[in-house]
Amino acid sequence: MVFKSLILAIAIMAVLSSMSHASDPSPLQDFCVAVDDTKNAVFVNGKFCKDPKLVVAEDFFKSGLNMPGNTSNNVGSAVTPVNVDNLPGLNTLGISLARIDYAPYGLNPPHTHPRGTEFLVVLEGTLYVGFVLSNPGPNMKNKLFTKILHPGDVFVFPIGLIHFQFNPGKTQAVAFAGLSSQNAGVITIANAVFGSDPPINDDVLAKAFQIENKVVDYLQSQFWWDNN
């Protein structure tokens, strides 16, 4: 009985521990406005924090999300992020936001957010969205979940999983994304694999993708657009 209780206690502690690390650490004070100049910084909690006596309303304010991003690029989309780098009042609060604009047939390419879950809501147009599960067991394929979204629809992309959004329509689309991190990070798969600096060895990519080295060379010679 004691042994079973001990196992149960360990299991509960493991679950609570995993939940506590599901997003950014909890702040230790009301706010911690990020500041690059450490001259007036008195607290440290993830970033140097501005002296609370010098904090103003503008530290928690950002305008401009009513303006569409420039989608005239190779992928036909533009991400306008609002995170701790451009809204310092977000520091330690564990959330961020992004506006995403899509040209007709525009794509937000397959990517991951290593530090945050994404919560997407469509405001305008239609989006085909999806995410792929992490590697399954032997002789199994990574499962794909997809959905067609319309204005007012919401979709969640779990933390760290590869996901995408595509505008299949002939008109523009607009969505807003909330993320469970002040700086969720982004890894665009094609850019990271074929556009790294220095480039990944041809033999590595040829073996991984089961393609010829000349195909790798071609892909690495392309300009991989960053829509962020």
Practice task
Flag yes if Val174 and Leu65 sit in one hydrophobic cluster, no otherwise; membership is Ile, Leu, Val, Met, Phe, Trp, Tyr, and two members link when side-chain heavy atoms are under 4.5 Å apart.
Solution key: yes
Completion exercise
In short, Val129 meets Phe157 closest at the heavy-atom pair CB-CZ, 3.9 Å
Pairs under 3.5 angstrom only: tabulate donor-acceptor contacts from the side chains of residues 199-213 to other protein residues two or more places apart or in another chain.
{"unit_1": "Asn201", "atom_1": "OD1", "unit_2": "Asp203", "atom_2": "N", "d": "2.7"}
{"unit_1": "Asp203", "atom_1": "OD1", "unit_2": "Asn213", "atom_2": "ND2", "d": "3.0"}
{"unit_1": "Gln210", "atom_1": "NE2", "unit_2": "Lys207", "atom_2": "O", "d": "2.6"}

Problem - Side-chain donor/acceptor of Asn228 to backbone N/O of Pro81, under 3.5 Å - result: no
Fill in the blank from the handout: Between Leu90 and Val82 the two heavy atoms that sit nearest each other are CD1-O, 3.8 Å
Exercise for the section: Quick one: closest heavy-atom pair of Leu120 and Ala175, and the distance? Expected result: CD1-CB, 3.8 Å
Problem - Test item: Val156 and Phe131 side chains (from C-beta on) under 4.5 Å apart, heavy atoms - result: no
Practice task
Taking the side chain as every heavy atom from C-beta outward, state whether Ser96 and Asn183 have any pair of such atoms under 4.5 Å apart.
Solution key: no
Practice task
State whether a side-chain donor-acceptor pair under 3.5 Å links Asn227 with Asn73.
Solution key: no
Problem - Value rounded to 0.5 Å, distance of NZ in Lys62 from CG in Leu97 - result: 10.5 Å
Practice task
Treating Ile, Leu, Val, Met, Phe, Trp and Tyr as nodes and any side-chain heavy-atom pair under 4.5 angstrom as an edge, say whether Phe119 and Leu123 lie in one connected cluster.
Solution key: yes
Problem - Heavy-atom closest pair, residues Thr126 and Ile148 - result: CG2-CG2, 3.6 Å
Handout entry: From Phe164 atom CZ to Leu107 atom CG, the distance as rounded to the nearest 0.5 Å
Key = 8.5 Å
Problem - Shared hydrophobic cluster for Leu161 and Phe155 (ILVMFWY, side-chain gaps under 4.5 Å) - result: yes
Handout entry: Geometric class of the His163/His113 ring pair [parallel <30°, tilted 30-60°, perpendicular >60°]
Key = tilted
Fill in the blank from the handout: CG of Asn167 to OH of Tyr105, rounded to nearest 0.5 Å, is 8.5 Å
Exercise for the section: Establish whether Ile159 and Val186 are linked, either directly or via other cluster members, by ILVMFWY side-chain heavy-atom contacts under 4.5 Å. Expected result: no
Exercise for the section: Drop me the distance from Asn108's CG to Gln165's CD, to the nearest 0.5 angstrom. Expected result: 4.5 Å
Exercise for the section: Answer with yes or no after comparing the ring centroid distance for Phe166 and Tyr102 against a 6.0 Å cut-off, counting only values under it. Expected result: no
Fill in the blank from the handout: When rounded to the nearest 0.5 Å, the distance separating CG of Asn70 from OG of Ser77 is 10.5 Å
Practice task
State whether the number of non-hydrogen atoms from other residues, nucleotides or ligands found under 6.0 Å of Phe145 atom CZ is greater than 12.
Solution key: yes
Problem - Under the side chain to side chain donor-acceptor pair (under 3.5 Å) test, residues paired with Asn135 that sit two or more places apart - result: Asn142
Exercise for the section: Determine the minimum heavy-atom distance between Phe223 and Asn74, stating which atoms define it. Expected result: O-ND2, 3.9 Å
Handout entry: Closest heavy-atom pair and its distance - Ser180, Gly116
Key = OG-CA, 3.5 Å
Practice task
Is it possible for you to say whether Ile100 and Val122 belong to one hydrophobic cluster, with membership spreading through side-chain heavy-atom contacts below 4.5 Å?
Solution key: yes
Problem - Gln182 and Asn91 side chains, donor-acceptor separation under 3.5 Å - result: yes
Handout entry: Separation between OG1 of Thr71 and CD of Gln172, rounded to the nearest 0.5 Å
Key = 7.5 Å
